[in-house]
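For reference, the structure discussed in these notes is given below.
Note that ligands are numbered from 1 as they come in the structure, with each ligand's atoms numbered from 1 the same way.
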Amino acid sequence: MLVFTAAGKGGAGQTVTGCNMAYQLALKGEDVAYLDFDFGRPSAGATFDIDAAARGVTRDGVRSFLLGGGPRPVVLDVATRTAGAALRNRPPGAGRLVLLPGDRGARWFGRTAEIVQRCSELFLRTESEYSVTVVDLGSGRTVAVDLVLEVMARPEMRNIVARWLVVHQWTRLHVDAAGDFVHGPSGLLDTARHTGLDPAAVERALRFVRCIVADKASLGRFGQVAQQAWQAEMDAELRNFAAEQQLGIGAVLGTVPFDPVLKLREQIITGFDVASVQIARQDTVEAYASLARRLSDHQAWETL
Ligand SMILES: Nc1ncnc2c1ncn2[C@@H]1O[C@H](COP(=O)(O)OP(=O)(O)OP(=O)(O)O)[C@@H](O)[C@H]1O
Ligand SMILES: [Mg+2]
């Protein structure tokens, strides 16, 4: 399965959510490849705590490969390359988790037939070696979005299961940007149509993820009655607004709460962080695990 993660606006939480979901998929026994297609500022290496790829790699990243640099992009095994002690510990039954890192430094490029061909080969290869390929497309309408749409329109991709996760924060501007990114003029669905894909099929394969949600456990603590009433009112307003933007609950795969650990540091939250050192929220891990479950369980995906 190919999973494209995207966002309408920068800083939505897409990379941290995608990396944590990939980790939970691996814990469930899936073999997972995470491809960093953020050609501006790749950050999955830092999130997985892999020093050599913290700002992207200096050679053989996915962009170099797509631009014709070498026969294969570098593949980093997270459990052996990470500096995070808890991540190195792979429990029995867990699948492999690898990162195909981005290249260091921003560089934008136009699509050529050769780049599209290489991208198609890359997806087919990871599809044959891993059960799930997560592709981090960066934020907004980037060259990565246009590239993968063009690849998915090709005949050799017809039998590949593809899913789209659009991550957004639970605020007015983020909801608005995510709605625009998908449904707006020149948005994802429009572009899909122009590329020769069926926009209705893309929409059926697309869900939103509400991220960094200030829930009761993170907000309610302030405790004042007036604050709580205001927060409930704002939340209801946001829910209405999201429904108007076609981001209503029927199109949502899951919700990730605000976690103080992730406010301070982009990282994977492990069971160790929750149970042993007790710095992270159990709810956060459960949210990522639930995303992983709903994504890989066909029935759970369909019955949202
Ligand atoms: N559940 C959460 N609770 C608190 N902070 C979070 C949560 N998820 C992500 N963050 C923080 O929000 C910031 C943005 O997250 P992230 O880098 O994943 O977003 P992005 O959409 O990938 O951004 P970019 O546009 O740079 O690619 C990071 O500092 C991250 O640690
Ligand atoms: Mg990112």
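Among residues at least two apart or in separate chains, salt bridge (Lys or Arg N to Asp or Glu O under 4.0 Å) pairs with a member in residues 190-200 are D190-R193.
Taken together through direct or relayed side-chain contacts under 4.5 Å among Ile, Leu, Val, Met, Phe, Trp and Tyr, L188 and V148 form part of one hydrophobic cluster.
Although no hydrogens or angles enter the test, the distance criterion places a donor-acceptor pair under 3.5 Å between the side chain of Q169 and the main chain of G11.
Using a cutoff of 4.0 Å between basic side-chain nitrogens and carboxylate oxygens, D215 and R281 are scored as salt-bridged.
Between F208 and H183, the ring-plane angle classifies as tilted under the 30° and 60° cut-offs.
Cation-pi check for R207 over W301 is met; the charged atom lies under 6.0 angstrom from the ring centroid and within 45 degrees of its normal. In this structure, R118 forms a cation-pi arrangement with F65, its terminal cationic atom sitting closer than 6.0 Å to the ring centre and no more than 45° off the ring axis.
Residue L35 is tested with T126, V134, V98, D136 for a side-chain contact (heavy atoms from CB on, under 4.5 Å); the sole match is T126.
Scored by the side-chain contact (heavy atoms from CB on, under 4.5 Å) test, A177 finds K9 as partners (sequence neighbours excluded).
Inside a sphere of radius 2.8 Å centred on the Mg ion (ligand 2), the protein N/O/S atoms present are T15 OG1.
Contact residues of ligand 1 (protein heavy atom closer than 4.0 angstrom to a ligand atom; sorted by chain and number): G10, G11, A12, G13, Q14, T15, V16, D38, S139, I212, V256, P257, F258, D259, L262, K263, E266.
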